[in-house]
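Sequence lines set the chain letters: A, B, ... in the order given, protein chains first and strands last, and positions in each chain run from 1.
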2 protein chains.
Amino acid sequence: MTMTACKNCPLRQKSMFMPFTDEELRFMQSFKTGELKVDPGTTILMEGSNSPQLYTVLSGMGTRYKTLENGRRQVINFLFPGDFTGLQAGIMGEMKHSVEATTQMTLCAFRRDDLWTLFRQHPARAYDLTWIAAVEEHFLGETIASLGQRDAIQRIAWALVRIHERLKAAGLQKANRVPLPFRQQDLADALGLSLVHTNKTLKTLRSKGLAHWNDGVLELCDPPAMADLAMIDLERPQKRPLM
Amino acid sequence: MTMTACKNCPLRQKSMFMPFTDEELRFMQSFKTGELKVDPGTTILMEGSNSPQLYTVLSGMGTRYKTLENGRRQVINFLFPGDFTGLQAGIMGEMKHSVEATTQMTLCAFRRDDLWTLFRQHPARAYDLTWIAAVEEHFLGETIASLGQRDAIQRIAWALVRIHERLKAAGLQKANRVPLPFRQQDLADALGLSLVHTNKTLKTLRSKGLAHWNDGVLELCDPPAMADLAMIDLERPQKRPLM
DNA sequence: AAATCCTTTTGATCTATGTCACAGTTTAAT
DNA sequence: ATTAAACTGTGACATAGATCAAAAGGATTT
C-alpha cells in the first residue's frame with residue numbers, strides 16, 4: 001500500500017473545497033508526514049491525550065465525542081472525508097474529546113510541531129486553518145441551538161439534512177442517497193436523545209415519507225420538507241478550504 | 001473620552017492571559033482601529049450581516065445568540081471581558097449569530113480587512129487567533145455535552161461554575177462573588193431550559209447552600225460541591241492569548 | 001401617587017421524552 | 001449448526017421539565 005500523493009488527492013477537486021495552487025500543493029505534500037489507516041472501532045485521538053499528530057480524513061467516517069463522569073457519551077460531531085481534526089491538541093496541548101473510527105478510515109497525518117512552521121512560512125494556509133476552525137465553530141453553534149431549542153423530530157430532521165449536505169458536498173451522493181454507516185445510538189448520543197426515542201422518531205420520518213435511513217444508507221425523500229421541518233434556512237453550499 | 005492605549009490595557013496583565021512582548025503590543029496598537037462604546041441592549045453584530053469589524057471586549061458583558069424560525073432564542077455563549085468576537089464574519093464573510101450588549105460595553109475594534117495583513121506580517125498573532133478559536137471550539141463542545149447529557153440542575157451548576165471561572169480569571173472576583181448582570185431568561189436560553197424551571201432550579205441550588213445568584217451577583221458558596229454536581233473535572237485555569 | 005413595564009417567584013397541570021422490558025434480525029464466533 | 005453478541009423495533013409506564021396562570025417586587029414614567 002502506497003501513500004496517496006496530495007497531487008492525486010481524491011478530495012481536493014470536490015466542489016465544496018477551494019482549489020489549491022501548485023505551490024500550495026507542494027507545500028501540503030511536504031507538510032504531510034504520513035498516512036494512517038485504521039479499522040472500525042479504533043480510537044484515533046483520546047480525550048486528555050497530547051497527540052503529536054493532526055489529521056485530515058481522506059476516507060471513511062468517525063465520531064468526535066466526550067464521555068461524562070456518569071458514563072454518558074456525547075457525540076460532538078461526525079467526522080467525514082475532508083474534515084480536519086486534532087487542532088485542539090495541536091494548539092492547546094491536549095485533546096478535549098476523543099476521536100473514534102466508525103468505518104475503516106484513512107487519514108493524512110501532519111506533525112503538530114510543523115504547525116508553527118506553517119504559520120510562519122505559509123500564512124495563506126494558516127488563514128485557511130483558522131477558516132476551518134471558524135466553520136467548525138459555526139456548526140457547533142448550530143448544534144447547540146438544535147439541542148437547546150428543537151424538539152426530537154426537528155433535531156433528527158436537522159441532523160439528517162446537515163449530514164446529507166455534508167456528504168453530498170463531499171461527492172458521496174447518488175440520487176438523494178448517501179452512505180451513513182453509523183448506529184442509531186450514535187445519532188441519539190449526538191442529539192441528546194434516548195435510543196428508543198430516536199428509533200421511534202426515525203420511524204415517524206419514514207412513515208411520513210420524508211427520510212429513510214436503513215442499512216447504512218440515508219435517503220432524503222423530500223429535502224425541502226425536511227428543511228422546513230428542521231427550521232433550517234438551507235444555506236447554499238459554501239466552499240471551504242481543505243487541509 | 002479618550003481611547004485606551006493597548007499599553008494601558010487593563011486586561012493584558014490578568015493572570016489568564018499570556019503576556020505581550022513590546023513588539024506585539026506595538027503591533028496590536030496599530031491593528032486597533034477604534035473603540036466602540038455601546039449601551040445595554042445594543043446589537044453589536046447581527047446574524048447574516050457582514051461586519052467590517054472584529055472586536056475584543058474591553059469591559060462589560062453581552063450575549064452571542066441565534067434566533068430560530070419559531071422565535072425561540074439560543075444563547076450560544078456569554079461575552080465577557082477579554083473575549084474576541086466577529087471572527088466568523090471576518091473569515092466566512094457572514095455572521096452566523098448575533099451579538100448583543102447586556103450591560104454597557106466597551107470594545108476594541110479591528111478592521112476585518114487587516115486580518116489578512118495580520119496573518120502575513122505577524123504569524124505569532126495569527127497563531128494566537130487560531131488558539132482563541134480552538135479554545136472557543138472546546139467550550140462549545142462542552143456546552144453541547146451539557147445540553148445533551150446533563151439534567152437541569154447539572155446544567156445550571158455547570159454553567160455557573162464555568163462562568164465563575166471565567167470571571168474570576170478576568171479578575172472580577174471578590175470573595176467567591178462575581179458580577180453576573182444577566183436575566184434568568186438569558187441563562188434559560190443558554191441552557192435550553194424554560195424560564196420557570198430555571199428559576200426553580202436556581203432556588204434549589206440556593207436552598208442547598210451551593211450558589212446564590214441575586215441582584216446581578218453570583219456567589220458560589222461551595223465550589224467543589226458545585227463542580228461535583230456538574231460532573232466537571234475542574235481544569236486549572238489555562239492561560240490563553242488575548243487579542 | 002398611580003400606572004406601566006420588566007423580572008422574579010410560585011403553584012397547578014400537561015406532555016414529550018426517558019426508562020424498562022422484551023422480541024425480532026443480523027452478523028460474528030465456536 | 002448453535003450460540004452469542006450487537007443492533008433495531010415496539011409496547012407500557014414513569015417523570016423531568018414544559019406550559020399556563022398569576023402574584024409580587026422593583027424600577028421607570030406620567
For the pair made of [atom1] in [X] and [atom2] in [N], what is the distance, rounded to whole Å?
X: B:D151; N: C:dT19; atom1: CG; atom2: C1'; value: 15 Å
X: B:H197; N: C:dG11; atom1: NE2; atom2: C1'; value: 15 Å
X: B:L187; N: C:dT7; atom1: CG; atom2: C1'; value: 14 Å
X: A:I156; N: C:dA16; atom1: CD1; atom2: P; value: 15 Å
X: B:N70; N: D:dA18; atom1: CG; atom2: C1'; value: 14 Å
X: A:R150; N: D:dA18; atom1: CZ; atom2: P; value: 17 Å
X: B:K203; N: C:dG11; atom1: NZ; atom2: P; value: 6 Å
X: B:L191; N: D:dA18; atom1: CG; atom2: C1'; value: 15 Å

Next item on the list: May I ask you to say whether A:R64 pairs ionically with A:D83, meaning some side-chain N is under 4.0 Å from a carboxylate O?
Entry: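 Looking at A:D83 together with A:R64, the answer is no, because their closest N to O distance does not fall below 4.0 Å.
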Next item on the list: Inspect the contact between A:E165 and A:K168 and indicate whether a charged nitrogen and a carboxylate oxygen are less than 4.0 angstrom apart.
Entry: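 A salt bridge is absent here (no side-chain N lies under 4.0 Å from a carboxylate O).
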Notebook entry, point to check: At what distance, to the nearest 0.5 angstrom, does CG of A:N8 lie from CE of A:M3?
Noted result: 11.5 Å
Check: Checking all strands, does B:L193 fall into the base, sugar-phosphate, or nothing category for heavy-atom contacts under 4.0 angstrom?
Finding: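 Result for B:L193 = sugar-phosphate.
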Notebook entry, point to check: What is the nucleic acid contact for B:G192, judged by heavy atoms within less than 4.0 Å: base, sugar-phosphate only, or nothing?
Noted result: sugar-phosphate
Check: Which nucleotide sits closest to the side chain of B:V196: C:dA21, D:dA21, D:dC7?
Finding: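 Nearest to the side chain of B:V196 among the choices is D:dA21.
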Next item on the list: Please tell me which of the listed nucleotides, D:dA18, D:dG9, C:dT10, lies nearest to the side chain of A:N214?
Entry: D:dG9
Between [X] and [N], does any side-chain N or O lie under 4.0 Å from OP1 or OP2?
X: B:N199; N: C:dT8; value: no
X: B:Q185; N: C:dC6; value: no
X: A:Q184; N: D:dG9; value: yes
X: B:R206; N: C:dT9; value: yes

Notebook entry, point to check: In terms of heavy-atom contacts, does CZ of B:R177 have more than 12 from other residues, nucleotides or ligands at under 6.0 Å?
Noted result: no
Notebook entry, point to check: Does any N or O in the side chain of A:T106 come within less than 3.5 Å of the main-chain N or O of A:K37, such that one atom is a donor and the other an acceptor?
Noted result: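 The answer is no, because no donor-acceptor pair under 3.5 Å joins these two groups.
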Note to self: For a quick check, tell me whether the side chain of B:K200 and the base of C:dG11 share a donor-acceptor pair closer than 3.5 Å.
What the structure shows: yes
